[in-house]
Amino acid sequence: MALVIAGDRSETGKTTITLALLAYLKQRGFSVQSFKVGPDYIDPMFHHYITARPCRNLDPLLTSEKYIQECFARHAAEAEFALVEGVMGLFDGVSNKTFYPESEARLQLKTDFASTAHVARLLNLPVVLVIDCSRLSGSVAAIASGYSSLDPTINLAGVVLNRVGSARHRELLLEALEPLQLPVLGVLRRQDNITIPNRHLGLIPTAELPNLKELLDKLACIAAECFDWQRLLPLLRIGTLPKLPQTEEEELQKKGDTIRIAIARDAAFNFYYQDNLDALESLGAELIFWSPLTDTHLPENVQGLYFGGGFPEIFAAELSNNIAARSAVHSAIQAGMPTYAECGGLMYLCEKLVDFQGQVHAMTGILPTTAVMSDRLILGYRQATALQNTPLLLSGTTIWGHEFHRSHLTKSPPNPLYQTWGLAKQNSPIGEGWQLYQLHASYIHLHWGARLEIPARFLQHCADFHTSSKNHSMIN
């Protein structure tokens, strides 16, 4: 078995509860595999920091229901305990009308597709509900009762009471819950001295928090005292899961020369789904990590570039000052090296980046536009159809992705890469993304887990570039 940590709403403290549970288990020497519902990149960084295992995202919208089940079974089987951190409130999702035609009357209308509840049902896992008690007492029973009865297919194993103010407050909460006979698996007092700092896109990533270990040690101590481990441990322990056979794509053998892909990974670029990196490796790529912040040249003998998202706006001065790296990237892309860039990577490939203070920083200059930071948050799932062939997609291919940024570009691409819609498709489609040379650059984040033809196409383009480069060298 494993356990899903859900919230009664956003900002209820489920991330703190999850980190406390993970820290306690890891301190005691257990192997723990964590998962995160939804498209988030930053919470999984904290999971990985604690468990020393890559956290896996479970998002049926970006991937598929089948992929969620396969991903969970494959990775949970490698650990003693497993924990799934939810997203938003337990039932907060989207309507399945988005994905299924209305003519299919056999489908029951649900509005929690891609929610924590949806993932819990797919994996048949019990749920622990975290309730923020800072502004309620007796009403906690109404909340708990509603969540436990709304969907009988959800196995609510108990509740965790968070941000409890005093001993008297705790007593009132427990008295109110007693008639429900719903297990209280933890009671955490308000911890004003334990906070994880955040900024414009959420929590500050682990690489920028020098005192993170001390904070997590405190959370582990709190977890030891505040949770009912006698009840929790059996819920968290994996047991025996069937070993899944490898997929056809995973069994592909390397053919010809190894394709070396340079992955930009440092404090400025660190938004990567581990499953994307695994997909490249399973298809025969060798991943070479490098830093646009500190390295003065690209890794040797690479045939492709991958720039993930991150916070280039925070490190814009350092990126700009590394002229050698900017020049190397510009030359490689201009020479036709297949390149994939999303969000922060897109911003790095612009001519300039204007930060929150209005300071202008030179970037690589491949894209004839400027990225400008603003207070406006652009957030949500996107359905996108490729309008032209790229190193990743054939024209006409439709994919689901996710946007999450506070910047915009001063110029739109003359020939957009994508035609995109939001979930409701109520507005006109938008032209988005750039395709030039062998570059595929967009604000849209993609998860390749259920679409291995995407990284396979990218690697084929890298192999073709490698062959043409070798032939060119021989001719000259």
Side-chain angles (χ1 to χ4, degrees), residues 3-25 27 42-43 46-47 50 83-92 116-117 126-150 154 156-199 202-204 209 211-233 235-236:
L3 198 56
V4 177
I5 303 299
D8 63 330
R9 69 202 73 191
S10 294
E11 308 296 333
T12 197
K14 61 182 174 293
T15 297
T16 302
I17 300 300
T18 299
L19 297 183
L21 292 168
L22 293 175
Y24 173 89
L25 292 169
Q27 263 197 5
I42 300 179
D43 287 354
F46 285 84
H47 294 204
I50 296 171
L83 189 61
V84 180
E85 180 185 349
V87 62
M88 302 175 66
L90 175 57
F91 297 103
D92 295 331
T116 304
V127 173
V128 168
L129 183 69
V130 179
I131 302 176
D132 179 358
C133 301
S134 58
R135 292 177 176 84
L136 54 84
S137 56
S139 297
V140 70
I143 294 172
S145 177
Y147 275 87
S148 63
S149 62
L150 180 66
I154 296 296
L156 192 61
V159 297
V160 169
L161 308 180
N162 194 28
R163 299 174 184 147
V164 177
S166 64
R168 176 58 181 158
H169 187 198
R170 177 181 183 276
E171 185 180 338
L172 290 171
L173 294 167
L174 294 178
E175 285 178 358
L177 289 169
E178 189 174 359
L180 300 181
Q181 297 184 326
L182 188 63
V184 177
L185 300 174
V187 179
L188 280 77
R189 298 284 290 271
R190 275 199 293 265
Q191 304 290 336
D192 297 331
N193 61 332
I194 297 182
T195 56
I196 302 174
N198 57 31
R199 60 183 175 218
L203 298 178
I204 294 178
L209 299 175
N211 299 320
L212 181 57
K213 185 180 183 304
E214 290 84 347
L215 184 148
L216 294 173
D217 287 343
K218 290 179 182 177
L219 283 179
C221 291
I222 291 171
E225 299 173 0
C226 298
F227 291 120
D228 185 344
W229 287 103
Q230 227 175 358
R231 284 174 163 168
L232 278 171
L233 284 177
L235 294 171
L236 289 160

Might you point out which heavy atoms bring [X] and [Y] nearest each other, and give the distance in Å?
| X | Y | answer |
| --- | --- | --- |
| Ser137 | Ala176 | O-CB, 4.4 Å |
| Ile50 | Leu216 | CG1-CD1, 3.6 Å |
| Leu180 | Ala141 | CD1-O, 3.5 Å |
| Gly7 | Lys14 | N-CD, 3.8 Å |
| His169 | Leu136 | NE2-O, 2.8 Å |
| Leu235 | Pro126 | CD2-CG, 4.2 Å |

If you count heavy atoms of other groups shown closer than 6.0 angstrom to CD of Glu11, is the number above 12? no
Should we count CD of Glu178 as having more than 12 external heavy atoms under 6.0 Å? no
Cys133 and Arg163: CA distance, side-chain angles, deciding distance, side-chain contact (heavy atoms from CB on, under 4.5 Å) verdict: CA-CA 6 Å; Cys133 301; Arg163 299 174 184 147; 5.8 Å; no
For [X] and [Y], indicate whether the former's side chain and the latter's backbone hold a donor-acceptor pair under 3.5 Å.
| X | Y | value |
| --- | --- | --- |
| Tyr24 | Cys221 | no |
| Asn162 | Thr12 | yes |
| Asp92 | Gly89 | yes |

Side chains of [X] and [Y] in contact at under 4.5 Å (non-hydrogen atoms):
| X | Y | value |
| --- | --- | --- |
| Leu219 | Thr16 | yes |
| Leu185 | Phe227 | no |
| Ile204 | Leu209 | yes |
| Val159 | Leu182 | yes |
| Leu236 | Leu83 | yes |
| Leu19 | Leu215 | no |
| Phe46 | Ile196 | yes |
| Leu174 | Leu161 | yes |

Quick one: pull up [atom1] in [X] and [atom2] in [Y] and give me the separation to the nearest 0.5 Å.
| X | Y | atom1 | atom2 | value |
| --- | --- | --- | --- | --- |
| Phe91 | Thr116 | CZ | OG1 | 9.5 Å |
| Leu90 | Leu156 | CG | CG | 7.5 Å |
| Leu177 | Ser145 | CG | OG | 10.0 Å |
| Trp229 | Leu21 | CH2 | CG | 4.5 Å |
| Glu85 | Thr15 | CD | OG1 | 3.5 Å |
| Ile143 | Asp132 | CD1 | CG | 9.0 Å |

Please evaluate residues Leu188 and Val160 with respect to the criterion side-chain contact (heavy atoms from CB on, under 4.5 Å), reporting the C-alpha separation (whole Å), side-chain torsions for both, the decisive distance (0.1 Å), and the verdict. CA-CA 8 Å; Leu188 280 77; Val160 169; 4.0 Å; yes
Could you give me the CA-CA distance, side-chain angles and deciding distance for Val4 and Val128, then say whether side-chain contact (heavy atoms from CB on, under 4.5 Å) is met? CA-CA 6 Å; Val4 177; Val128 168; over 6 Å; no
